[in-house]
Structures are given as structure tokens and as C-alpha cells.
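Counting starts at 1 for both ligands and their atoms, following the listed order. Along the sequence shown, residues carry numbers from 1.
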Amino acid sequence: MDLNIKVNDKNHLDIGGADACDIVEEFGTPTYVIDENRIRDNYNRFYNAFSKYYPDFKVFYACKANTNLAVMKILESEGCCIDAVSPGEVHISKMLGFSGDRILFTGNNITNDELKFVHDEGAVLNIDSVSALKRLAKIVDPEGLKISFRVNPMVGAGHHDHCITGGVMSKFGIMGLEAVEVYSLAKKLGFTPVGMHSHIGSGILDPEPFKLAIESTMDIAGKVHQEAGIDFEFVDFGGGVGIPYTPDEKLLDLDKFAEINIALFKEKLEEFDMATPTMYLEPGRYLVGDASVLLVSVNSVKESYRKFIGVDAGFHTLLRPAMYDSYHHIVVANRMDAPITQKVDIAGNVCESGDLFARDRLMPDVEENDVLAILNAGAYGFTMSSNYNSRPLASEVLITDGEANLVRERERFEDLYDKQIIPSHLK
Ligand SMILES: *Cc1c(COP(=O)(O)O)cnc(C)c1O
């Protein structure tokens, strides 16, 4: 099995050299636990795999996956760049020391004020529509400003319909058919278009869908190069590189993935006589997904029409199972050697029948006060959490060489309403 699971000599889950049970004792549950070294390893494995075949290569971390400040700092220190999708992400990145030229902003349906803010912060704008291009030309000085465009490469891939971001049903990007016209218009407005971007989806575990994205994006880039006279400084094929979530899924053979896709990239550069632009990729999940677990406590075991294991977290803590029907592997962190004995539902504490972490899951005997670890919770975990049901947000702990540091305090009840104002007539 390719899941990232380690067990210590007490038969407890080991997270980066720390004992999951000790973490629960010190910090309580629910708590997201992040393994610093795993993030560093993931980054270096990813960077090395691609730069080996194409040295002019940069990684832009899609930080919507996890904007914890410590996580962002770790990647900053590795030399990683940022793929930001909102002004807030640009602000956080700048605050943490990422210079503007290390931030690519891929906004969608953004306002003039947001465009201006991102431009003034020095981030590179990756434009999603002709509308945004024309508006940008009016609110900033376009002369010589380097920009890029997101194109819809007409191929989609993903672990769920909601995650497919290319193809005719997708709201993202400009059409391939209009690309020459749009890049020409950008030049006419005074901009210097230097990049092309695509992102086809998420959770891709083999090279094939990615090859289609590279092929169709490069066909569009080649045409734009030849017919609109654009010399590309970079081509960005987005993110989407997957990780195994189920025990049956295999780790992606990253070396093979890089070799095949970069061979195709080089072939296309040659075909269109395009010199050697920098290649960007935007992994989110791959860098942080398997570096975190969500620790929760079992507070009830109920036999009704089905058997339910009830825990002290819910879809307000980790939304992916409820939103995408995603599988997250779950282990009993305080008895890792316990044999599988039953099929159960693992349910959260939100008042919604869809609040389940797992249905019909093979599990060992589980008792009240056991600690469950929900694996692969590092990407789209905390960032998608909410205060629904007036539940305070979970805490986050960073493990560095076995040392635990609290990196986000658990919210208090006061945090649930401290931004609200009761008008005087209701006081
Ligand atoms: C979400 C997103 C990514 C990252 O997707 P992963 O599946 O986490 O790798 C990359 N680029 C863009 C533009 C995105 O919106």
C-alpha cells in the first residue's frame, strides 16, 4: 500500500517522528497535524523529477490547497513560487516574503479593484477573459506590462466532475480558437504577453491526461507564437498531479510522468520553433496532501439500523468526503496493530445526514476515546473548513523532526461572533 503511514514501537501512529497520542494529549482534538519534512521531501522530489529533464523549470505552489503560514514559509524557504487565485492569497504570500515575481495570479471573475490590487503588489497577472484584459488596460498602465493568459485546452480530467477545469463546460480560460486574436489585442493595448497557462483538473495519477493537456496547450501556444508573434517566456501546465487516497491507488511514478511529458513539451517547442521558455507546474495537493492527518476522537459508538462511529469533527472540519464523495483512509491511531473486524459508518458531529467521513468502512473494533487519524488531510482540508453549526475551527500543529509546535490556536466561542454587530435597537 502506497499511503503515507508510519507506526512506532507502541503501535501508535507516527507523524514525522511524533506520537499521535502524545499530540492529542497536548493539543486535544480535532487537530490537523502537519509533517514539515514530508512537505520538503515532496517539493524536492517534484522539483528534481522535472528539472532533471528540463532545467529551466519552476514550481508554483497552488496555495489554495493549504494557506497555513508555516506551510507557506516552508515552501518559501525551498525556493518555491506561488500560484494565487485570490487577492487574499497574494496578500498572505507577500506578507511571508514571496516577492511579486514569484507569484502568478490566476483570478476568475475578479473585479477591477482586485486586478489593481494584485498588479500593485507586483504579482504577474494570468488573465482569464477578454473582459478582464480590457478592464485591466483601463486601470493600470499597460505599456510593457508582462501578462499571461489562461487558455481552455479542451481536455478535462479529475477525480470528480467539480474538479474538471478544461472542456466546453468549464468556466475557466479563453478559448483556444480565440487565442491568436486575444494575444494580438493584448499587444495592441500595449501589454507584453509572455506566458500561457492551462490547468485541466485535479487528482491525475497517470501521464495520459496530462499529455493531452500539454499537447493541446502547446498547439495553441505554437499558433500564438507563429501568428501573433509572441515569444513565450513561460508556459504553465497547471496542477492536478494526484496522490493515492485509497489503499489500492498507486503512487504516481513521477520520474516517468516527467520524462514522458517533458519529451512531448520539447517536441512541441521544436515543432513550432519556440526557443526554450521556462516550464511551470502548479502542484497543490501533491506537495501538501499526504503531509497532514486530521486527528479526531471517538465519542460515541452507536448500533441503530447501521453501526455508527461518532467523532468530534465533521464536514465543517474536513469537507472533501461530503463535497466530493472523496475517500480518506482512516486508522485507529492508538492501536495501529488492531485487526479489521467490522464494516461501519464513521460520522461527524454536524446536524446533517450527509456528514459522514466514511460509509461501510472496514475498521478494527473501535471504542469510545479511541483516536482516529483521517489521512491525506493536508490539501483542501483546513482551507475548506467553516464554522457551520457554530463549531470553532480546529487547531493545527506542525511537527519538525519529532518536535510539535502549535501553529494555529483552536478557535474559542468568542471567535464565532466577534465580527458581528448587534444594532442598538436590539441590544
Ligand atoms: C487548484 C489549482 C491548482 C492545484 O490543483 P491540485 O490538484 O491541488 O494540484 C493549480 N492551478 C490552478 C489554477 C488551480 O486552480
Colleague: For V118 versus V90, what's the shortest heavy-atom pair and its separation?
Modeller: CG2-CG2, 4.2 Å
Colleague: In Å and rounded to the nearest 0.5 Å, what is the CG to CD distance from D56 to E233?
Modeller: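 The distance works out to 10.5 Å.
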Colleague: Polar contacts were defined as any N/O atom of the residue lying under 3.5 Å from an N/O atom of the ligand; does this apply to G240 and ligand 1?
Modeller: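 Yes - when backbone and side-chain N and O of G240 are compared with those of ligand 1, one distance drops under 3.5 Å.
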Colleague: Ligand 1 and G203, any nitrogen or oxygen pair closer than 3.5 angstrom?
Modeller: no
Colleague: Run the contact test for F172 against ligand 1 with a 4.0 Å cut-off on heavy atoms, strictly below, and give the result.
Modeller: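 No.
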Colleague: Of the backbone atoms (N, CA, C, O) and the side-chain heavy atoms from C-beta on, which set of Y380 has a member under 4.0 Å from an atom of ligand 1: side chain, backbone, both, or neither?
Modeller: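 It is the side chain that gets close, since no backbone atom is under 4.0 Å.
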Colleague: Students should be able to answer this: which protein heavy-atom is nearest to atom 4 (C) of ligand 1, and at what distance?
Modeller: A62 CB, 3.3 Å
Colleague: With atoms numbered from 1 as shown, which atoms in ligand 1 lie under 4.0 angstrom from a non-hydrogen atom of R285?
Modeller: 6 (P), 7 (O), 8 (O), 9 (O)
Colleague: What about Y286: any of its N or O atoms under 3.5 Å from an N or O on ligand 1?
Modeller: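 Looking only at distances, the answer is no, because the N/O contact criterion of under 3.5 Å is not met.
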Colleague: So Y388 and F315, would you call those rings parallel, tilted or perpendicular, with 30° and 60° as cut-offs?
Modeller: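 Y388 vs F315 ring planes: parallel.
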Colleague: Closer than 3.5 angstrom, by distance alone: can the side chain of K58 be matched with the main-chain N or O of M279 as a donor-acceptor pair?
Modeller: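 No; zero donor-acceptor contacts below 3.5 Å.
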Colleague: Using a 4.0 Å cut-off to any heavy atom of G284, which atoms of ligand 1 qualify?
Modeller: 4 (C), 6 (P), 8 (O), 9 (O)
Colleague: Just going by heavy-atom distances, which of E282, K64, H197 is nearest to atom 14 (C) of ligand 1?
Modeller: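 Of the listed residues, K64 has the closest heavy atom.
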Colleague: Atom CG in N66, atom CG in L287: separation rounded to 0.5 Å?
Modeller: 10.5 Å
Colleague: Given Y280, which of F57, F234, F50, Y47 fulfils the ring pair (Phe, Tyr, Trp, His ring centres under 6.0 Å) condition?
Modeller: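 When ring pair (Phe, Tyr, Trp, His ring centres under 6.0 Å) is applied between Y280 and each of F57, F234, F50, Y47, only F234 qualifies.
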Colleague: Where's the contact between H199 and ligand 1, heavy-atom distance under 4.0 Å: side chain, backbone, both or neither?
Modeller: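 It is the side chain that gets close, since no backbone atom is under 4.0 Å.
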Colleague: Among all the protein's non-hydrogen atoms, which is closest to atom 12 (C) of ligand 1, and how far away is it?
Modeller: D83 OD2, 3.3 Å
Colleague: If I take atom CD from residue E271 and atom CD from residue Q226, how far apart are they, to the nearest 0.5 angstrom?
Modeller: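 That separation rounds to 8.5 Å.
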Colleague: Will you find, in the side chains of S292 and R38, an N or O donor that is under 3.5 Å from an N or O acceptor?
Modeller: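 No.
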Colleague: Tell me the protein heavy atom at minimum distance from atom 7 (O) of ligand 1, and give that distance in Å.
Modeller: S202 OG, 2.5 Å
